[in-house]
Amino acid sequence: MPEPLLEVRGLCRTFGDVRAVDDVTFTLPDGGSLGIVGESGSGKTTTARIVVGLDRADAGHVRVRGQDRTTQPRGRAERLARARQIQMVFQDPYLSLDPRTSVEAVLRETLELHRPGTDPAPRIRELLDQVGLGTRAADALPRELSGGQRQRVAIARALAVEPAVLVLDEAVAALDVSVQAQILNLLADIRDATGVGYLFITHDLGVVRCVTDDVIVMRRGRIVESGRTADVLALPNHAYTRLLMDSVPRPGWDPHAIGAARRALRNDDTPA
Amino acid sequence: MNTTEQHPADTPRPAPGGRPNTPAALDIRNLRMRLPHTARPVLDGVDLTVGAGETVALVGESGSGKTLTSRTVLRLLPAGTTTEGTVHVAGDDVLTMNARQLRHLRTRTAAMIFQDPRAAINPLRRIGDFLTESVRLNKIMTPAAAQARAGELLEAVGLTTEVPRRYPGQLSGGMLQRVMIAAALMGDPTLLLADEPTTALDVTTQAEVVALLGDLRARFGTGLLFVTHDLGLAAAISDRVYVMYAGRIAETGPAASVFARPRHPYTKALLDSTPGLDAPPGRLVAIDGQPPDLRREPTGCPFAPRCAHATELCTTETPRSMPARGEPAHTAACHHSDRLEGTPGDA
Ligand SMILES: Nc1ncnc2c1ncn2[C@@H]1O[C@H](COP(=O)(O)OP(=O)(O)OP(=O)(O)O)[C@@H](O)[C@H]1O
Ligand SMILES: Nc1ncnc2c1ncn2[C@@H]1O[C@H](COP(=O)(O)OP(=O)(O)O)[C@@H](O)[C@H]1O
Ligand code: SF4
Ligand SMILES: [Mg+2]
Ligand SMILES: [Mg+2]
């Protein structure tokens, strides 16, 4: 059997007495899209940060095509090689972009770092085109762009090094529905065209249904349910997954019942 | 706009969904606002009412003017703005109030809850001080009465009696938003303005906050204007809804009919671009292009450059708000409402 694109096994991370991530295991196949859902504080971002290499795990490992990433990288070349494997896109593109650097310069810097000696211009044009930004946007500073355009820039920068995996943490949460729809369609097109794999973190189940093949449901650092997205959303097994689904507002929705179900679930918990 | 002509501007009309014989909690008529150095009004003829005890949603994409509309109700206007039209809260005209009346409006009659509770609260002061500050400073209640009221409201929003001693940093986002709701209710407001109050919360916490707002309206009869860009949420909680585009009301009506049978292509497009649990899977129907910016004055319908139904007429003539056949409360400002599937045509 070929090595999976991304393999995460037994990941643990504690902050003080909070078990932020507790024995998390999943795999992402080549060109796949895996959603991570769960309420605030359930450990989604911590998992993502460890996968990308922004935080370390207390236990467990992360492998890309069989290669371990949990050890300290040896030297600059290895660090850059690892960065090329996995790239991340955050919720607020404004905070992750340098306010003084134009779109073109952002992409040029990234390309010169990872592909020294190659003319970055053709690749920059290709990237701008891929994320639906005209060449006019290339000279703009982040503050001159709309939220949706900034998120396109962040996606272009992440794609510049042709990563095998893109980790998106609430990457469309701050966008209006109309712009969000444009970005979700864009992400689907890019996956079709390049075969990049997505680890897609969100607490919007509608978004998960739209862009992922598989999903894991996290609660208090642990995975409580996982499977094909369509199956999990059609027939949720765990009471917590049902609670998340019932929490999605719709006509005839009963928010009181959700509060009650949430408290009941909390009371059922036996302390670990 | 048709209804406006039947009511002189100085007699507040009861809102369509409100309680009879009570002035509307909020009555905005033909509000036009200009910001400095702009080519078109940022709010352009907005008509909007919230009845006593009614929940009304204001939806639209970012930059459409939702926040400016709700801030105008407390006369919190950016410097250099000019306004025309009238804004009545519980029968009183906000735009002509003197300083004393305005203070009364902001501390008693109306209150506002913002999107980010952390940005609206001093991190160095205890929750208890924050809750009682406004009513104490404005001598609305004695310190003892204020403290008792704060305790009662904290209980109503599901927080415990030790919360007043805590600092904001010790509470989660959901708990802090409950504190903001309790603070907003300290003066028994007739009208609550909530600008994206649950956007920063996760879905289960959002449900609890929404349940709470529902209880409060049942208990205190507070009218609620709920600003959001989440159409699913608007459909779930509101009696009536207003859809705003480029500073104008594109469509309004009972939430059930607006979401089931939209009569404006913009409303329809927003619904189609929402990835719901019941929507067909696969690619979303996105709205191409961007809303018009304030530097250019659009002629005709402001949605025309993005509208699949646009005709010659749309680019030359501004559509007026027209009621639906058989449904006078459901109006849309579109020349071709009848081309949308399943909608009743104009009356
Ligand atoms: N650097 C840190 N120091 C201390 N505690 C932390 C740190 N990072 C995360 N935590 C804690 O770990 C838990 C998981 O946090 P995490 O950010 O992964 O949640 P999340 O699922 O991404 O939530 P959200 O939906 O709010 O983004 C929380 O209890 C959080 O308070
Ligand atoms: N204080 C201000 N000064 C100048 N322009 C503003 C100010 N507040 C809002 N605007 C502009 O007015 C328009 C409507 O803004 P807003 O009411 O905040 O929209 P929404 O809440 O629907 O996202 C936007 O074009 C915005 O840039
Ligand atoms: S008036 Fe014309 S352009 Fe405007 S929404 Fe209706 S059909 Fe579209
Ligand atoms: Mg997170
Ligand atoms: Mg706003």
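The chains referred to below are lettered A, B, ... by the order of the sequence lines, with proteins before strands, and numbering in each begins at 1. It should be emphasised that the depicted structure is a prediction, and the values quoted were computed from it without experimental measurement.
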Let's go through A/His256 and B/Asp215 carefully: what are the C-alpha distance in whole Å and the side-chain angles of both, what is the deciding distance for side-chain contact (heavy atoms from CB on, under 4.5 Å) to 0.1 Å, and is it a yes or a no? CA-CA 9 Å; A/His256 286 95; B/Asp215 290 345; 2.6 Å; yes
Going through the distances and angles, do A/Arg263 and B/Glu208 end up as a side-chain contact (heavy atoms from CB on, under 4.5 Å)? CA-CA 11 Å; A/Arg263 282 185 293 276; B/Glu208 291 201 35; 3.7 Å; yes
Go through the steps for B/Glu61 and A/Val177 under the test side-chain contact (heavy atoms from CB on, under 4.5 Å), then give the verdict. CA-CA 8 Å; B/Glu61 65 203 293; A/Val177 279; over 6 Å; no
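Remark: B/Thr204 OG1 to A/Glu39 CD distance equals 4.0 Å, nearest 0.5 Å. The line from CD1 of B/Ile287 to OG of A/Ser178 is 4.5 Å long, rounded to the nearest 0.5 Å. Of the inter-residue distances, the one linking B/Ser273 atom OG with A/Leu184 atom CG reads 10.0 Å to the nearest 0.5 angstrom. Interatomic distance, B/Leu277 CG to A/Asp246 CG, rounded to the nearest 0.5 Å: 10.0 Å.
In this structure, chain A has a heavy atom under 4.5 Å from the side chain of B/Ile237, while its backbone stays farther away. The parts of A/Arg250 that come within reach of chain B are both its backbone and its side chain, each placing non-hydrogen atoms under 4.5 angstrom from that chain. B/Thr205 touches chain A through backbone and side chain together, each having a heavy atom under 4.5 Å away.
Checking side-chain atoms of A/Asn185 against main-chain N and O of B/Leu284 turns up a donor-acceptor pair under 3.5 Å.
Between B/Gln206 and A/Pro249, the closest side-chain pair of non-hydrogen atoms falls below 4.5 Å.
Between chain A and the options B/Gly232, B/Ala207, B/Gly173, B/Gly214, the largest number of non-hydrogen pairs under 4.5 Å is found for B/Ala207.
When the shell of 6.0 Å around CD of B/Gln170 is examined, it contains more than 12 heavy atoms from other residues, nucleotides or ligands.
For the side chain to side chain contact (heavy atoms under 4.5 Å, CB included) criterion with B/Pro275, the lone passing option out of A/Leu205, A/Val208, A/Val207 is A/Val207.
For residues 232-242 of chain A, a heavy-atom distance under 4.5 Å to chain B picks out A/Leu233, given by residue number.
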